[in-house]
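Remarks on the structure that follows.
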Amino acid sequence: MDKKTAFRGGRKPLAVYIPCVLGAVAAFGISLLGLVVSARLPRETITAWWPYMEALEIGVFLAFMINGVLRAWDAPSFGKFHASPALNGVLRAWDAQRARKRHVTADRLEDEVKAMQARQTGADTTALNAMRARLRRLFVGIRVYAGALCLIACAACFLIGPLYTPSAEGQAAFINSTLYMFLLLFNIFVASCAAGRLWPIYASQNLKVDPNFISESDAPRLYACARRAAEDIGVHGRVHILSASEGTVGIGRYGRDIVIQVNASLLGVLNEDELRAVMLHEFSHLLDDAHLTDELTWLSGDKPALVNIGCTLFFSRPDLRLQRLYDEYRLAFSLFQESEADRAMLEHGDRNAAASLLTKLSYIDLFDWERHNENITGSVSPDRLPEVLFTGRVQAIREAFDRRGEFYASMVMRELPRRVDTHPVISERLKRLGFNGPHLIPDQADTAWRTETERLLRAEEKKLAKFLKESDFEESLRHDEETLSAWKSAGEPIDDSYPDILTSLEHLDRHDEVEALCRRVIAEKGDDDAAAYALFTLGTILVHRWDASGVDLIFEACERNSNALDEGLDTLGEFFFLTGDEAGLERYRAYVHEKTQWSIDIGSEQGRLKKGDALTAERLPAAMAAGLMNKIKSLDAAHEIDKVYVVHKQIDPEHAVTPVVMRFKLETTRDREDELIHQMFLYLDSVDSWHFSLFNADDVLDVPLEKIPGSRFYPAQSD
């Protein structure tokens, strides 16, 4: 189940400021004490304090400097210095080497997590306890550091009083008024920041009224089910239920309030016993390491500006280490946590209902995989769309359980565990409940329960209908119809704009035409890189039909065009895991490793343009230059483009890219700029065997393009 919160909070209470205020008040009070004490001390004693004062201030400044240096070490070096090309090359190579080391470390972590997944509960507990102990030691270390910093600042506030006060014998003070005020304010600031980090208050926020919250009067049995589950688990607080259009079920604590997010269509699929099982599972999550979660929530959330500045100046390095260690812990802990939550379903609920819940959730995932290419948004009117997305979806899922149940059951048993998955595969979870395979209980929900859930679905449909009326949904579909009409009138050409045609066909649910157009593009442009999008789209269609012939098409698309990498690899990985194809999974992992290394070394540099890059004027082949000029002129029929620059960026001795930068006239609207950039992107993406990158000049203002001789491509230098 998804473990995420989906609620909104109000203003933070003033309690979050208490540590900072107390730290500042304490430091100021100690400074006044220093002034009082100075009148009673001999000059020799005050003189002896001066080295201690210097040592304390040096300590504070060292804490600031060391934290900054260590924090900067984690960021790439290249791009911070704009020195000679030779030095830039050395820095880039150094960053690539560090990135490779981090990648190897990530692979090693994945292997450790995979090994942990295979261990029994006892071994899991031992390993997790060790990680938890490391986290707690780091918590204590940060507190000790913050406390020491606060004491140093307060001690400095005490010492500067005597150093500022002239002696009774008329001898001058060690520091003047200006230096005294600077040191006093600086040390009060440090004490305030350190106190804020020493005693972070995890202040609860009041919940705002959200229109997606389900009223208890509308769903009394749903709320009763949630409260019974909370009581059985031993969780206390005010329960609120939030409906959502995506995900499954999630939970979060917000002070004394507990918010449960439930997918609206899921309410129409589960019976009351199954819903109780999922509630038991979610409430059990609230018992796990609450103090660890609070600490990280405080770090990543909104904080008072003073604390935020203090964390950045003095604590960013240890807090970064804390965040990374916590992420590793959560990754390893999540599998054990899910097993414990499943055990709660078994202990406090019905075993058959728990197994049926897990089975239905896995079947819904497979149902959604098969329906990936069925974009129903364009096949119905906006008035009927809400009904199709909720009531219609529930009906389709129920029919799929009957029609595809046997196939889904076989797929559940074939699914492979992922290396960094946060949940065990369903087959393992079913075995822990005592079942050797998927198990569905007959749907025998009583009339009152079905009436309540159907009423909730209708309420969600009304909310969606209201949203669609206020949005540009109809206008978007009308634009797709006009795009297709113009394309057909032009004779259905296969040019650089065909990806937009495929997108419009998908929006309008004309899936047969999508597949036909992809096959036509591949037949006509199969050897060109321009066919990459068609290869990717067709491959995606096929693998979502469980047709393995789409695998090679997606791999080929990724090889021809790096823009397909992220989505293509995600699709392939999910396909191999779901189908249990271990050979395909090994091929996929080797390819991911290769492309990840390419992205670290080359891909990231291809997609950015910055001051300090090795840039020169680009010399395009004559035919390519003429084609690019014709494209720009066709886009600039309304004279909206000011200039276009084409430069050559050398990444390393073997790799280069051609950045194209478009500068628009002041009167050109942002929407129009985006449209022209999109059209230019489609054109450049279709150019075979040449690596282009595209930028809006407003996004690369620090790059001195005008100073690169011959960089202006349009208008031509001779114009």
Side-chain angles (χ1 to χ4, degrees), residues 16-71 137-169 171-201 298 303-319 321-322:
V16 296
Y17 296 91
I18 290 177
C20 299
V21 173
L22 289 179
V25 170
F28 181 71
I30 290 174
S31 71
L32 294 179
L33 179 63
L35 289 172
V36 173
V37 170
S38 64
R40 302 175 180 272
L41 293 176
R43 187 66 177 177
E44 293 76 14
T45 302
I46 296 176
T47 303
W49 283 359
W50 177 252
Y52 297 105
M53 172 65 190
E54 288 182 314
L56 291 175
E57 293 300 334
I58 289 173
V60 174
F61 279 107
L62 280 177
F64 167 72
M65 293 298 298
I66 292 173
N67 179 77
V69 169
L70 292 176
R71 183 67 181 87
R137 286 196 297 270
L138 187 53
F139 285 161
V140 172
I142 292 175
R143 294 291 194 279
V144 171
Y145 167 52
L149 199 60
C150 188
L151 288 175
I152 288 174
C154 289
C157 285
F158 177 81
L159 290 179
I160 59 177
L163 294 173
Y164 170 65
T165 307
S167 68
E169 293 80 12
Q171 292 177 308
F174 281 85
I175 57 178
N176 58 32
S177 299
T178 302
L179 183 56
Y180 171 77
M181 289 303 299
F182 169 77
L183 291 175
L184 177 63
L185 293 176
F186 174 75
N187 285 290
I188 289 176
F189 169 74
V190 174
S192 180
C193 293
R197 189 65 186 88
L198 177 65
W199 182 32
I201 293 182
W298 180 87
K303 298 180 286 294
L306 185 64
V307 179
N308 210 22
I309 294 172
C311 283
T312 302
L313 293 178
F314 298 101
F315 298 95
S316 61
R317 171 64 184 188
D319 284 346
R321 173 62 181 156
L322 177 63

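- The backbone N or O of L198 lies less than 3.5 Å from a partner atom in the side chain of R143, making a donor-acceptor pair.
- Between atom CZ of residue R317 and atom CD1 of residue I142 there is a gap of 11.5 Å, rounded to the nearest 0.5 Å.
- Here the straight-line distance linking atom SG of C20 with atom CZ of F189 works out to 9.5 Å at 0.5 Å rounding.
- Judged by distance alone, with hydrogens and angles left aside, the side-chain atoms of S31 form a donor-acceptor pair with the main-chain N or O of F28 at under 3.5 Å.
- The heavy-atom pair separating F315 from C193 by the smallest distance is CE1-O, 4.3 Å.
- With a 4.5 Å cut-off on side-chain heavy atoms, R197 and L149 do not count as touching.
- Shortest non-hydrogen contact noted between P19 and A195 is O-CB, 3.3 Å.
- The CG atom of L185 sits 12.0 Å away from the OG atom of S192 when rounded to the nearest 0.5 Å.
- Scanning all heavy atoms of the two residues, the minimum distance from A191 to C150 falls at O-SG, 3.8 Å.
- When all heavy atoms of Y145 and P318 are compared, the pair lying nearest together is CE2-CG, 4.4 Å.
- Rounded to the nearest 0.5 angstrom, I30 CD1 and C157 SG are separated by 7.0 Å.
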